[in-house]
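The structure appears right after this line, and notes come after that.
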Amino acid sequence: MSVHIYNVTIVVDPSIEENWINWMKTEHIPEVMQTGMFTGYTFTQVFPEQEQDHPSYSVQYRAADLESIKLYMQMYAPNLKDKSAKAWGTHAMAFRTVLEVLDES
């Protein structure tokens, strides 16, 4: 069985960084997990090759199949994106990708 990942990379304004991290841990990520579409997640800070003015973070939500991610994107993502936009506006800009794990140890 292959594993698929719904990856969300977020560039965060330093002025809201601490509050945003707390919100992600206590509100947003738990809400995403409560949809039942994902089997687990990893929340990381991204350290780019080049220094950046704004810190970046990544949340990788693991799904058992691609259908779960598609269902999430159709049924749950629009509402959760709206909540995030209302909470943070342009201070937290997200970019989303879907990944398929080809090999791991």
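Please read all numbers here as calculations on a predicted model, not as lab measurements.
Under the 4.5 Å side-chain criterion, counting only non-hydrogen atoms from C-beta, Tyr57 is in contact with Glu17. Gln45 is not listed as a side-chain neighbour of Ser56, based on a closest heavy-atom distance of 4.5 Å or more.
A donor-acceptor pair is defined here as one N or O able to donate and one able to accept, closer than 3.5 Å; such a pair exists between the side chain of Thr39 and the backbone of Arg62. Checked by atom type and distance alone, the side chain of Thr35 pairs as donor or acceptor with a backbone atom of Val32 at under 3.5 Å.
Both Val98 and Leu80 are assigned to one and the same hydrophobic cluster, defined by single-linkage of ILVMFWY side chains at heavy-atom distances under 4.5 Å. Note: the hydrophobic cluster containing Tyr61 does not contain Leu99 (ILVMFWY, side chain heavy atoms under 4.5 Å, direct or indirect links). Clustering ILVMFWY residues whenever any of their side-chain heavy atoms sit less than 4.5 angstrom apart, transitively, puts Val3 in a cluster other than the one holding Ile69. Hydrophobic clustering, with ILVMFWY side chains joined whenever heavy atoms are under 4.5 angstrom apart, keeps Phe43 apart from Met93.
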Exercise for review: Check the pair Thr42 / Val59 against side-chain contact (heavy atoms from CB on, under 4.5 Å), numbers first and verdict last.
Suggested key: CA-CA 6 Å; Thr42 304; Val59 188; over 6 Å; no

Exercise for review: Quick one: do Met73 and Tyr6 satisfy side-chain contact (heavy atoms from CB on, under 4.5 Å)? Show the steps, please.
Suggested key: CA-CA 10 Å; Met73 290 167 67; Tyr6 180 64; 4.0 Å; yes

Check your understanding: Lys81 and Arg96: side-chain contact (heavy atoms from CB on, under 4.5 Å), yes or no, with the steps?
Key -> CA-CA 11 Å; Lys81 285 179 190 178; Arg96 295 159 185 89; 3.3 Å; yes

Exercise for review: Check the pair Glu31, Lys83 against side-chain contact (heavy atoms from CB on, under 4.5 Å), reporting the backbone distance first and the verdict last.
Suggested key: CA-CA 11 Å; Glu31 267 192 290; Lys83 277 186 168 182; 2.5 Å; yes

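Crowding of Asp53 atom CG: a count of heavy atoms from other residues, nucleotides or ligands under 6.0 Å not exceeding 12. Within 6.0 Å of atom OH in Tyr41, 12 or fewer heavy atoms from other residues, nucleotides or ligands are found, so the atom counts as exposed in its surroundings.
Side-chain contact of Glu67 with Tyr72: a donor-acceptor pair under 3.5 Å is absent, judged by distance alone.
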Residues 8-16, side-chain donor-acceptor partners within the protein, below 3.5 Å, at least two apart:
residue	atom	partner	partner atom	Å
Thr9	OG1	Asn7	ND2	3.1
Asp13	OD1	Ser15	N	2.8
Asp13	OD1	Ser15	OG	2.7

Donor-acceptor pairs under 3.5 Å, side chain of residues 19-29 to any protein atom, not counting sequence neighbours: which ones?
residue	atom	partner	partner atom	Å
Trp23	NE1	Glu27	OE1	3.4
Thr26	OG1	Asn22	O	2.8

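Between the CG atom in Asn79 and the OG atom in Ser84 there is a gap of 11.5 Å [rounded to 0.5 Å]. One finds the NZ atom of Lys70 at 14.5 Å from the CE atom of Met37 (value rounded to the nearest 0.5 Å).
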